[in-house]
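Just so you know, ligand 1 is whichever comes first in the structure, and atom 1 is the first atom listed for that ligand. Source: prediction; values computed, not measured.
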Amino acid sequence: MEVKPSRIEGQGLFTKIPLRARQKIGEFTGERITQREGRKRAKLQKCIAIVEINHKLAIDATNETSGFRFINHSCSPNTFIRIIRERAEFYALHSINAGTELTVDCCPSHHNGTLPCTCQSLHCRRFI
Ligand SMILES: [Zn+2]
């Protein structure tokens with residue numbers, strides 16, 4: 001995977017290799033914090049830097065310099081997150097060509113539909 005400028009927003013995460021449908025892509029890494037702290041921090045930023053694992057635990061990747069920290073939200077994503085044993089793993093929703101930007105439909109709760117969406121998808125909900 002590589003991080004480079006995205007047409008959606010800022011930097012994006014791109015796959016260098018083709019991915020098969022439902023293939024595991026990798027794991028969301030970062031600081032492990034409480035869910036309560038995660039929600040407090042998430043109010044201040046784009047949602048995908050923080051992933052909630054369960055009612056107690058969240059992962060904050062704000063200070064990560066690579067990886068899923070850079071994945072952008074899309075209303076028509078090509079990946080999804082599965083929470084397995086307190087880890088957040090990313091999987092391909094369908095087959096993805098090499099060079100494609102990876103996207104995920106992230107946590108609607110954090111912004112309650114108040115953040116304008118820039119995903120440019122045909123099915124964009126306009127707000128996250
Ligand atoms: Zn959108």
Visitor: Tell me whether Glu52 is salt-bridged to Arg39, with the criterion being a basic N under 4.0 Å from an acidic carboxylate O.
Guide: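 Salt bridge: yes.
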Visitor: Closer than 2.8 Å to the Zn ion (ligand 1): does that hold for any N, O or S atom in His73?
Guide: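 No, His73 does not qualify, because none of its backbone or side-chain N, O or S atoms lies under 2.8 Å.
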Visitor: Rounding to 10°, state the angle centred on the Zn ion (ligand 1) that links SG in Cys119 with SG in Cys124.
Guide: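 That angle is 100°.
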Visitor: Please determine which of Glu9, His73, Arg126 meets the side chain to side chain donor-acceptor pair (under 3.5 Å) test together with Thr118.
Guide: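 Among Glu9, His73, Arg126, the one meeting side chain to side chain donor-acceptor pair (under 3.5 Å) with Thr118 is Glu9.
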Visitor: Output yes if Cys75 passes the N/O/S-under-2.8 Å test against the Zn ion (ligand 1); output no otherwise.
Guide: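 Of the N, O and S atoms in Cys75, at least one lies under 2.8 Å from the Zn ion (ligand 1), which means yes.
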Visitor: Less than 4.5 Å apart, side chain to side chain, heavy atoms only: is that true for Ile96 and Leu102?
Guide: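 A side-chain contact exists here, since the closest heavy-atom pair is under 4.5 Å.
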Visitor: May I ask you to decide if Asn72's main-chain N or O and Thr103's side chain share a donor-acceptor pair within less than 3.5 Å?
Guide: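 No; zero donor-acceptor contacts below 3.5 Å.
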